[in-house]
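One structure is given below, encoded as structure tokens.
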Amino acid sequence: MSSLAFGGNYVEMESIEFALELSTEPENLINPDKDLNTLKKIRQNIGSLVFCGIYNLLNANVSIRCRAFKFVRELFVKFSESNESVAELDRFAPKMVLHAGEPLRKIAVRASQLASTYFGFDAPSFFWEAVRCSRTATKNERELLLIPSQQIILEVVLPWARKVNFADIEDDLVFAEFFRYLMDATFYRPKFIDEVKDVWVAVSTSSEFGRGNTEVLTEMLLHIQGKLSKHCDNVETFLYYLFEAHHSIVADCVSYFLQARSFPWVVEINADGGLRKKSRPIIKEYVSVLHIALTGNQYDAVLEHSDLCEAAVTLMGELFIHDFLSLRRHLPWALNYAFLHLPERFAEKGGVVKMLLSMIDGHWGARGSIGVLTTEDKLLQKLVSLKQSMAAPYEMDWNEVGETTKNTQFRIKINDLLLLVLGIYEIECATLIIELGKEVILWAQDKFIVSLSLPVGLIWFADSGPQDSAISSHAIDIYNILLRTYPELLSGSLQAFPGRVVDQVAKLLSLQLEAKNPDLSKVSDTGKRRSIKEAESTLLHLVDLHGTLMDNGSFDFDESLLKLPSELFFKIWTAAARYCIRFLKKSDIQTSPEIVEHFEPIRRWVVGLQPLLLDSLFCANEEVQELAFQYLVLGWTVLPGDIVDSSPSGLFYTNLYVILWIFSSLKENPAAIMQEKAVLKEVIADFERVLLSAGALEFGGMIKSLQSLLAFSEAGGKALTADDVDQLLEKCTANVSQIYFPDYIANAVEFCSYFIQKGGSYAATSLRMLQVFWSLAQRLPNSVGVFKVLIRKLAFFEDRKDIDDVFSFILSESEESDEPIKEIDLTSYGKVERLETLHSSVKFIEGVVEALSNLR
């Protein structure tokens, strides 16, 4: 029957053909017997059934199309409860016999739109069937369908895309499969890019799931850009679609990989308390498979983080051009990354140079579009100057001090470039300087210790050590420039360090408690020894870095670390002590009330600087001793007295400590030592200033003696002899006796007793000091009893050197005193009470953890 016979009445002809097609089908094929259980099963799978019916509306076989249409209509009749939708579908019935794909495609899309309205809750089964169908499509699909299957699948899923939820694809198998299908259509077989674009837009603009979907898709684009940019040239296009939907989410995702917190070894905690994953495993897995499919090679996972960073730089540059104003809060991280990775020659036009140029163009365009720039505008002049710098064949000069040996015509110093950029952009981002200061410190400390803190699986990153070392060095340079230029804004920028330090100290404490050994150096377990070494190394590098950065900062956590046993943690202790000394030398804080704040956390477990240093003042290590005395005496010159030692006897004991250390150091070859020991001379000079401040009249004898010692060190002067040392020791000791006796006779005698028992060079000096004390104290009331106790202890001491002379001296002298020593009680059998100065290292480390925790 020809269509011309109906005078062009195609609708009537189509209706007749449709009816004829259906009349050949058994009635029970279209309308089977439907009991309650059958209807329930159909309803449970209606998403899959709807897709299957709609998909076959494009089948090349007219009979199949007609049956599919009837099937879809029956689903609407039974389950949609919408007469309007059924009536609309009925108007499409006559079209089912057409052999042109385009009108049938439109019918299928409209049917899908209606179905998504009434069966939206069945979206998962709809997507599942769509993915299954896409995988079973054969190569001869052109013979089975009137249009390509991928095109029709993308178009019929589009109305349902608002129901897609990619946020939980790690746990949701259905949406994980649909994600893979959509990525295939986007990057592996991008034949229908317009249809794919529509799905991306719908997925990202979903009112319910759009924000989470945008985050996942942006992360996907970063991985594709980083690993397959040469094979996928549509990343920027899809980035714009996502950015238009949720610009803040896209910007956050991209800038994340410009920040230190994205480092693979940095642990982040989500709001729900779980660990934040740097990249979703499903994305990494898919990109690895896609990499093999497109390149034929396996992707090298060790390059992942660096590739993501480079991708972030590229995409951030695109976004700056697109909408600079909405990205202003990301300027601190973008600028920090750019400066740390600037190539030596701008002409190389690396990623960061291009990003900076895009930033300039975006800024220029944004400000010009709102009428801010004029030809006379200073901002315009700065932007022009900056762009000329980036475009010219300049080379970076990181040497801030001294003249460079290279031609300076086309060299630009980092200080000049940094301040030019900050001068432009600090008006755009109110927190630029503060956030930049915080971020650059994180890059400095993490790159500084990268090779020490990486787990085994990340050792690859340490292989790029020279580059990381350069980045750390550049970060320190930038921080120092910021600190000099904006000292007030960055005054608290080092507050993040105690948290990093306490983690390592707490680790040491835990290992020590597990090993049940106070000496960590003697732990036998191989694994624990390795962990101890890693924690100590990381801690040392953090201390070194903090000391490098703290020129105008605080030294509270370095101070706290001095509570660690100096002999067990020699490198850490000495490094912390040096930075504390440097801080006090560069600080004028004698009258500053803020200094008290540095010591508040420490005062909870020590009563001052002197008690803190007591175990180190007379330890076996000479370097530790020198630093301890240098710090102690410097503390008396700079700090308020109650901070150095709040007890009434604080300065008295400092006198004894310093006299004993100075003159014990000069026992052997005093002339050479006075010439060579710079630290000794520095301590003597500083202690002279302490005594002048404490009372020039009272301490006149000691002051003159110290001045005499310094005079012996002058070039061309008289050489210091052993007799000179003995005479000056006697004068200093006598001066202490005159000031502090009789109140502190017992303290002085106990002090000498302890160091006589300790032996070594201190024993001889202590005996000499004891002689002076006795000669001045024997005629004082109630003083002889103190010396009786001392003689009773010395009688049983094995090392007899000089002790017999002391016995003879004291006993013979006592005969002339008002209370001669006639009887000595030896019932103690030589058992003596030690001056307890050594404590459990566990207790020390616990104190450090407590103090540092209070500094967080």
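Hydrogens, waters and symmetry mates are skipped; everything else that's a heavy atom, side chains included, is used. Starting from 1, each residue takes its place in the sequence as its number.
Between Gln298 and His291, the side chains place no donor N or O within less than 3.5 Å of an acceptor N or O (distance only, hydrogens not considered). Counted by atom type alone, Glu244 and His322 present one or more donor-acceptor pairs between their side chains at under 3.5 Å. Using modelled atom types and a 3.5 Å distance limit, the side chains of Tyr241 and Asp198 yield no donor-acceptor pair. For the residue pair Ser48 / Trp128, no side-chain donor-acceptor distance below 3.5 Å is found, with atom types taken as modelled. Between the side chains of Tyr118 and Ser82, at least one donor N or O lies within less than 3.5 Å of an accepting N or O.
The backbone N or O of Val131 sits less than 3.5 Å from a side-chain atom of Ser134, completing a donor-acceptor pair. Checked by atom type and distance alone, the side chain of Asp233 never pairs as donor or acceptor with a backbone atom of Ser229 at under 3.5 Å. Looking only at distances, no side-chain donor or acceptor of Tyr181 sits under 3.5 Å from a matching main-chain atom of Arg132. With hydrogens and angles ignored, the 3.5 Å screen pairs a side-chain donor or acceptor of Asn213 with a backbone N or O of Phe166. Side chain of Glu170 to backbone of Ile282: a donor-acceptor contact under 3.5 angstrom is found. Arg328 places no side-chain N or O within 3.5 Å of a backbone atom of Cys429 that could act as its donor or acceptor partner. Of the possible donor and acceptor atoms, none in the side chain of Asp168 sits under 3.5 Å from a partner among the backbone N and O of Asp171. Under a 3.5 Å cut-off, the side chain of Ser288 and the backbone N or O of Lys284 do form a donor-acceptor pair. Side chain of Asn336 to backbone of Pro332: no donor-acceptor contact under 3.5 angstrom is found.
For Glu285, the side-chain contact (heavy atoms from CB on, under 4.5 Å) partners are Arg180, not counting sequence neighbours. Applying the side-chain hydrogen bond (donor to acceptor under 3.5 Å, both in side chains) rule to Tyr188 yields no partners; only residues at least two apart in sequence or on another chain are considered. Scanning for ring-ring contact (aromatic ring centres under 6.0 Å, His included) contacts around Phe119 gives Phe76, with sequence neighbours left out. Shown here are the side-chain contact (heavy atoms from CB on, under 4.5 Å) partners of Asp361, two or more places apart in sequence or in another chain: Lys387. Residues satisfying the salt bridge (Lys or Arg N to Asp or Glu O under 4.0 Å) criterion with Glu219, sequence neighbours excluded, are Arg280. Every residue two or more places apart in sequence or in another chain was checked for a salt bridge (Lys or Arg N to Asp or Glu O under 4.0 Å) with Asp323, and none qualifies. Partners of Asp252 according to the salt bridge (Lys or Arg N to Asp or Glu O under 4.0 Å) rule, which considers only residues two or more places apart in sequence or in another chain, are Arg329.
In this structure, Met355 CE and His341 NE2 are separated by 10.0 Å, a value rounded to the nearest 0.5 Å. The CD atom of Glu304 lies 5.0 Å from the OG atom of Ser279; values are rounded to the nearest 0.5 Å. Between the CD1 atom of Ile54 and the CG atom of Leu114 there is a distance of 8.5 Å, given to the nearest 0.5 Å. Taken to the nearest 0.5 Å, the CG atom of Leu222 stands 10.0 Å off from the NZ atom of Lys227. One finds the OG atom of Ser255 at 9.5 Å from the CG atom of Leu319 (value rounded to the nearest 0.5 Å). Going from atom CE of Met316 over to atom OG of Ser358 covers 11.5 Å, rounded to the nearest 0.5 Å.
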| task | List the steps, then state whether side-chain contact (heavy atoms from CB on, under 4.5 Å) holds for Leu57 with Arg65. | result | CA-CA 5 Å; Leu57 295 180; Arg65 288 203 305 273; 5.7 Å; no
| message | Working note: Tyr240 + Glu318, criterion side chain to side chain donor-acceptor pair (under 3.5 Å); need CA distance, chi angles, decisive distance, verdict. | response | CA-CA 9 Å; Tyr240 287 140; Glu318 296 290 331; 2.9 Å; yes
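Each salt bridge (charged side-chain N to carboxylate O under 4.0 Å, His left out) pair with one or both residues in residues 186-195, not counting sequence neighbours, would appear here, but there are none. The list of ring-ring contact (aromatic ring centres under 6.0 Å, His included) pairs with a residue in residues 213-233, not counting sequence neighbours, is empty. A salt bridge (charged side-chain N to carboxylate O under 4.0 Å, His left out) check over residues 110-128, counting only residues at least two apart or in different chains, returns the pairs Arg43-Asp122, Glu88-Arg110. Under the salt bridge (charged side-chain N to carboxylate O under 4.0 Å, His left out) criterion, the residue pairs touching residues 147-163 are Arg105-Glu155, with sequence neighbours excluded. Residues in residues 200-211 take part in these side chain to side chain donor-acceptor pair (under 3.5 Å) pairs, two or more places apart or across chains: Thr186-Trp200.
Minimum interatomic distance between Glu439 and Ala260 (heavy atoms only, all atoms of both residues): OE2-N, 2.6 Å. The shortest heavy-atom contact between Lys278 and Ser262 is CD-O, 3.9 Å. Between Ile147 and Ile152 the shortest heavy-atom distance is CD1-CB, 3.8 Å. Nearest approach of Leu58 to Gly101, heavy atoms of both residues: CD1-O, 3.8 Å. Contact record, Leu327 with Phe320: CD1-N, 3.5 Å, taken as the closest heavy-atom pair. Taking each heavy atom of Leu89 and Ala111 in turn, the nearest pair found is CD2-CB, 4.2 Å.
A tilted orientation is assigned to the rings of Phe178 and Phe127, their planes being inclined by 30° to 60°. Ring geometry for Phe179 against Tyr286 counts as perpendicular: the plane angle is over 60°, on a 0 to 90° scale with 30° as the lower cut.
Residues Leu356 and Leu335 have side chains in contact (heavy-atom distance under 4.5 Å, counting atoms from C-beta outward). Annotation: side chain of Asp172 is not in contact with side chain of Ile169 (no heavy-atom distance under 4.5 Å).
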